[in-house]
Amino acid sequence: MPKVIFPDGAVQEYSEGENFLDIIKAFDKKLLKKSVALKVEGVAKDLRSKPDVTAKSLSIEPILLDSPEGLDIYRHSAAHVMAEAVKSLFDGVKLGIGPTIDNGFYYDFDVEKPFTPEDLDKVDARMREIIKGNHKFEPRRMSKAEAVEFFKEANEPYKVEIIADIPDDTVGIYTQGDFTDLCRGPHLPSTGYIQAFKLTSAAGAYWRGDEKNRMLQRIYATAWGTKAELKEHLRRLEEAKKRDHRKIGKALDLFSTSEEIGSGLVLWHPKGAAIRGIIEDFWKSEHRKSGYDIIYTPHLARVDLWKTSGHWDFYQENLFSPMDLDGQEYIVRPMNCPFHIEIYKSRIRSYRDLPIRYAELGTVYRYERSGVLHGLLRVRGFTQDDAHLFTTPDQLEGEIGDVLEFTLYILKSFGFNEFDIYLSTRPDKYVGSLDDWAQAEGALKGALEASELKYMVDPGEGVFYGPKIDIKIKDVIGRSWQCSTIQVDFNLPERFNVTYRDEEGGTSRPIMIHRALMGSLERFFGCLIEHYAGAFPLWLAPVQVILLTVTDRNNDYAKTVQKQLQRAGFRVELDSRNEKLGFKIRESELQKIPYSLVIGDKEAETLTVSPRSKQAGAMDAIAMEEFIGLIKKENVPQGGELS
RNA sequence: GCCAGCGUAGCUCAGUCGGUAGAGUAACUGAUUCGUAAUCAGUAGGUCGGGGGUUCGACUCCCCCCGCUGGCUCCA
């Protein structure tokens with residue numbers, strides 16, 4: 001009898017005609033219950049498919065629902081159920097694509113009218129009926145010509161378009177009930193396997209992501225193996241909402257935007273500004289330590305400057321319109337680089353001067369389309385922690401390595417320890433020679449390899465003037481935000497005719513590195529707020545210590561304590577309102593102030609304070625000097641020392 | 001920019017069928033002097049995002065604009 005071999009070496013014999021479902025069932029019923037599909041000789045197949053009996057022995061591996069691959073199959077099957085539900089409810093629906101995504105799936109539909117929330121309820125209800133009906137997912141294969149014919153017949157032009165792009169000779173088709181869809185598979189054995197899903201939102205989405213194409217209607221959903229997991233996922237989303245920087249920014253009075261002022265323009269309130277000030281001070285002192293010169297440059301420049309730089313041609317959709325000044329056209333700057341170049345060019349530079357590192361907290365303005373604005377994370381006016389390094393070709397890779405190390409040090413100082421690193425290569429729209437691009441990509445790659453950091457390649461995602469390394473930080477809902485960026489540029493030195501005197505007394509062209517570590521202060525601040533849920537570490541907290549008096553009798557002593565702490569350099573507030581202690585504590589907790597000092601008769605008599613830490617709760621009364629010593633130790637960035 | 005949803009007191013949110021708006025909280029005033037997450041009472045607070053239309057009458061229905069949110073596209 002033919003047999004299959006499980007991953008642990010166990011063998012199960014079977015007779016002809018049995019499918020894998022039968023075989024696994026005979027082997028271990030419990031295992032079958034957890035399986036959604038299987039791999040045969042490493043290839044994913046449906047549970048209901050049959051083994052090739054000519055092979056006497058096949059190695060198989062059930063794909064379990066609680067594996068990433070299993071969950072993916074599960075969600076994909078749920079997407080098919082959604083498509084069936086939509087097709088059965090609305091007339092003239094044409095199917096787009098229905099892939100799985102993190103935590104769920106979506107399906108795109110070409111429909112007459114966009115879905116309303118009520119439509120989603122109907123789709124949800126129909127999906128549940130389909131699941132209850134427990135229809136089998138029946139696979140079959142068709143030649144491409146047959147499939148094209150089939151989907152033309154079915155009035156599914158998008159499917160026909162997809163088939164044309166499939167390189168294989170045949171394509172997979174799955175049918176459940178009377179619904180048929182193009183699909184690679186594998187799928188669940190039947191719709192009844194789906195236990196827990198929830199439609200989350202509907203949104204317009206261009207066919208193939210191209211805004212020249214027709215806009216389809218997309219329904220997003222999340223799906224999980226069990227109802228408990230779904231519930232847990234929804235709970236996590238709720239938790240994430242609580243950390244939303246927009247919500248916390250309001251609650252802690254950190255920043256706002258105003259309709260009167262305009263979209264995407266941020267107002268930094270005193271407490272947000274206090275944090276920004278601390279970040280800027282830290283940033284400046286670290287840059288000086290690392291050999292950067294800090295500069296200041298204007299926010300406007302003549303439009304010709306941007307024609308020279310290439311921004312006028314390559315970046316125009318993001319530029320604000322020119323304004324006329326004495327017959328000259330000026331625009332607000334979208335970038336800082338040309339200004340730094342002009343400082344470089346203000347005198348002749350020698351190879352002995354290089355590398356030159358100019359750093360600036362440079363405020364820029366970019367026109368972003370209204371639909372993309374998002375809290376602090378995507379705005380129209382923002383301050384980059386920008387720098388431009390001018391290097392000789394020999395220095396390039398070494399400088400990139402140093403910048404990379406410096407970047408990670410700065411990010412770690414703020415408590416970020418996990419990020420995704422991408423190497424972005426030449427885009428379709430680019431300037432410069434292919435040789436330059438190859439050299440620049442090589443230098444970035446070399447620095448990454450030397451640093452032994454894990455990174456991914458993002459093909460075609462570079463800037464028009466050069467390739468880059470991006471470091472992305474994830475926000476609480478799993479969205480990834482690009483903060484740090486390190487870009488190599490051969491192009492601007494060329495365009496601005498930037499030179500240095502080389503060893504031979506000749507004229508050579510430096511290479512530029514553009515880099516921003518935090519990216520923009522606005523976005524970085526947004527990420528910081530979410531990272532800490534507003535409970536900033538001591539060194540960043542706008543108010544580090546709040547003094548809470550028990551009665552008016554304690555006000556005088558509290559003032560001396562306040563003065564002492566201020567003299568020691570701490571940001572201190574005194575809450576001497578005529579309120580109960582519990583009330584004051586509640587407020588200091590809600591404001592997420594790291595330390596509250598309770599000051600009552602007992603403390604005034606013994607010249608002590610009773611600290612209450614945001615992290616650890618109430619502490620025993622201690623002398624002021626002792627408390628100051630304690631918080632001095634804590635009042636530092638988290639990144640350690642730069643090597 | 002495109003698709004959808006939303007915009008009511010400083011904040012969080014009710015407001016039914018079209019009949020001129022309400023709660024909690026914050027603010028203010030007074031009382032209370034209190035020991036680790038909300039003391040009590042009173043007062044005041046609104047062009048219902050803006051403009052136009054329908055109607056005897058619009059927070060409510062329709063149109064345009066602004067802003068926000070979730071996506072698409074694009075990016076620090």
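Since the structure is predicted, the reported quantities are computational estimates derived from the model, not experimental observations. Letters go in sequence order (proteins before strands), and every chain restarts at 1.
Within the 4.0 angstrom heavy-atom criterion, base atoms lie near A:Ser610. Heavy atoms of A:Leu590 sit under 4.0 angstrom from at least one base atom. In this structure, A:Phe583 reaches the sugar-phosphate backbone alone: every heavy-atom distance under 4.0 Å involves primed, P, OP1 or OP2 atoms, never a base. Across all strands, A:Glu368 comes closer than 4.0 Å to base atoms (heavy-atom distances). Within the nucleic acid shown, A:Gly519 comes within 4.0 Å of sugar-phosphate atoms alone, with no base atom in reach, counting heavy atoms only. Among the heavy atoms of the strands, none lies under 4.0 Å from A:Val364. When heavy atoms are screened at a 4.0 angstrom cut-off, A:Gly381 is found touching no nucleic acid atom at all. In this structure, A:Gly371 reaches the bases: a heavy-atom distance under 4.0 Å links it to at least one base atom across the strands shown. Residue A:Ala202 is in base contact, counting any heavy-atom pair closer than 4.0 Å across all strands shown. At a threshold of 4.0 angstrom between heavy atoms, the contacts of A:Gly600 include nucleobase atoms, whether or not backbone atoms are also involved. A:Lys468 comes within 4.0 angstrom of the backbone, heavy atoms only, and of no base. Contact annotation for A:Gln482: backbone-only contact, meaning every heavy-atom pair under 4.0 Å involves sugar-phosphate atoms and none involves a base.
Across B:C68, B:G71, B:G7, the shortest atom-to-atom separation from the side chain of A:Ala203 is found for B:G71. Closest to the side chain of A:Ile585, out of B:G5, B:G71, B:U36, is B:U36. Between B:C3, B:A37, B:C34, one nucleotide has an atom nearer to the side chain of A:Gln217 than all others, and that is B:C3. The side chain of A:Lys250 has B:U12 as its nearest neighbour among B:A4, B:U12, B:G70. When each of B:G71, B:G35, B:A38 is scored by its nearest atom to the side-chain atoms of A:Met215, the top-ranked nucleotide is B:G71. For A:Val550, taking side-chain heavy atoms from C-beta onward, the closest of the listed nucleotides B:C34, B:A76, B:A37 is B:C34. The side chain of A:Arg369 has B:G1 as its nearest neighbour among B:G35, B:C72, B:G1. Of the candidates B:G35, B:G5, B:G70, the closest approach to any side-chain atom of A:Ser201 belongs to B:G70. Closest to the A:Lys580 side chain, of the nucleotides B:A76, B:G70, B:U39, is B:U39. The A:Ser263 side chain lies nearest to B:C68 when the options are B:A76, B:G70, B:C68.
Nearest heavy atoms, A:Pro611 versus A:Asp620: CD-O, 3.4 Å. Contact record, A:Leu199 with A:Asp124: CD1-N, 3.7 Å, taken as the closest heavy-atom pair.
A:Arg553 has a side-chain polar atom (N or O) that falls below the 4.0 Å cut-off from OP1 or OP2 of B:C34. For the OP1/OP2 pair of B:A76 and a distance below 4.0 Å, the side-chain nitrogens and oxygens of A:Gln384 include no atom meeting the criterion. At B:U69, one or more side-chain N or O atoms of A:Arg246 fall inside 4.0 Å of OP1 or OP2 (strictly under the cut-off). Close to B:G1, at under 4.0 Å from its OP1 or OP2, lies a side-chain N or O of A:Ser370. OP1 or OP2 of B:C72 has at least one side-chain nitrogen or oxygen of A:Tyr220 nearer than 4.0 Å. In this model, the phosphate group of B:A37 is approached by a side-chain N or O of A:Arg612 to a distance below 4.0 Å at OP1 or OP2. Neither OP1 nor OP2 of B:C34 sits under 4.0 Å from any side-chain N or O of A:Arg577. Of the side-chain N and O atoms in A:Lys584, none sit less than 4.0 angstrom from OP1 or OP2 of B:C34. Within the structure, a side-chain polar atom (N or O) of A:His374 is placed less than 4.0 Å from OP1 or OP2 of B:G70.
Both A:Pro117 and A:Ile471 sit near RNA chain B, but only A:Pro117 has its closest nucleotide nearer the 5' end. Along RNA chain B, the nucleotide closest to A:Asp601 and the one closest to A:Phe382 are compared, and the more 5′ of them pairs with A:Asp601.
For the C1' atoms, the distance from B:G15 to B:U73 is 39 Å, rounded to whole Å. Comparing B:C56 with B:C28, their P atoms sit 48 Å apart, to the nearest whole Å. Between B:C62 and B:C17, the two P atoms lie 14 Å apart (nearest whole Å). Annotation: B:G70 and B:C64 have their P atoms spaced 24 Å apart (nearest Å). The same atom, P, is picked in B:G42 and in B:U25; the two are 12 Å apart, to the nearest Å.
Donor-acceptor pairing under 3.5 Å is lacking for the side chains of A:Tyr422 and A:Gln482. Checking A:Glu603 against A:Ser610 by side-chain atom types alone, a donor-acceptor pair falls below 3.5 Å.
Interface remark: the A:Arg523 side chain does form a donor-acceptor pair with the B:C75 base, using a distance-only criterion of under 3.5 Å. A donor and an acceptor atom sit less than 3.5 Å apart, one in the side chain of A:Tyr206 and one in the base of B:G1. If you check distances only, the side chain of A:Glu603 does reach the base of B:G35 with a donor-acceptor pair under 3.5 Å.
Put simply, CZ on A:Arg586 is 18 Å from P on B:G35, counting in whole angstrom units. Put simply, CG on A:Leu597 is 18 Å from P on B:G35, counting in whole angstrom units. Rounded to an integer number of Å, the gap from CD of A:Glu259 to C1' of B:C65 is 10 Å. Atom CG in A:Asn554 sits about 10 Å away from atom C1' in B:G35, given to the nearest Å. Spacing between atom CD1 of A:Ile599 and atom C1' of B:U36 amounts to 14 Å, rounded to whole angstrom units. Taking atom CD of residue A:Glu587 and atom P of nucleotide B:U25, one finds them 13 Å apart after rounding to whole Å. One interatomic measurement links the two molecules: CD1 of A:Ile219 to P of B:C3, which rounds to 18 Å at whole-angstrom precision. Taking atom CD of A:Glu360 as the reference point, atom P of B:A76 lies 18 Å away to the nearest angstrom.
The number of heavy-atom neighbours closer than 6.0 Å to NZ of A:Lys614, taken from other residues, nucleotides and ligands shown, is above 12. By the neighbour-count criterion of 12 heavy atoms within 6.0 Å, atom CG of A:Asp556 is sparsely surrounded, having that number or fewer from other residues, nucleotides or ligands.
For the pair A:Arg235 and A:Trp224, the cation-pi criterion (under 6.0 Å, within 45° of the ring axis) is not fulfilled. For the pair A:Arg75 and A:Phe105, the cation-pi criterion (under 6.0 Å, within 45° of the ring axis) is not fulfilled.
Taking the ring centroids of A:Phe416 and A:Phe524, they lie under the 6.0 Å cut-off. Ring centroid separation for the pair A:Tyr358 and A:Phe339 does not come in under the 6.0 Å cut-off. Taking the centre of each ring, A:His287 and A:Phe406 come in below the 6.0 Å mark.
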Pairing of RNA chain B as dot-bracket, 5' to 3': ( ) intra-strand, [ ] crossing, | other strand, . unpaired, with Watson-Crick or G-U pairs under 3.5 Å?
(((((((..((((.....[..)))).(((((.......))))).....(((((..]....))))))))))))....
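Atoms CZ and CH2, from A:Phe314 and A:Trp306 in turn, are 15.5 Å apart once rounded to the nearest 0.5 Å.
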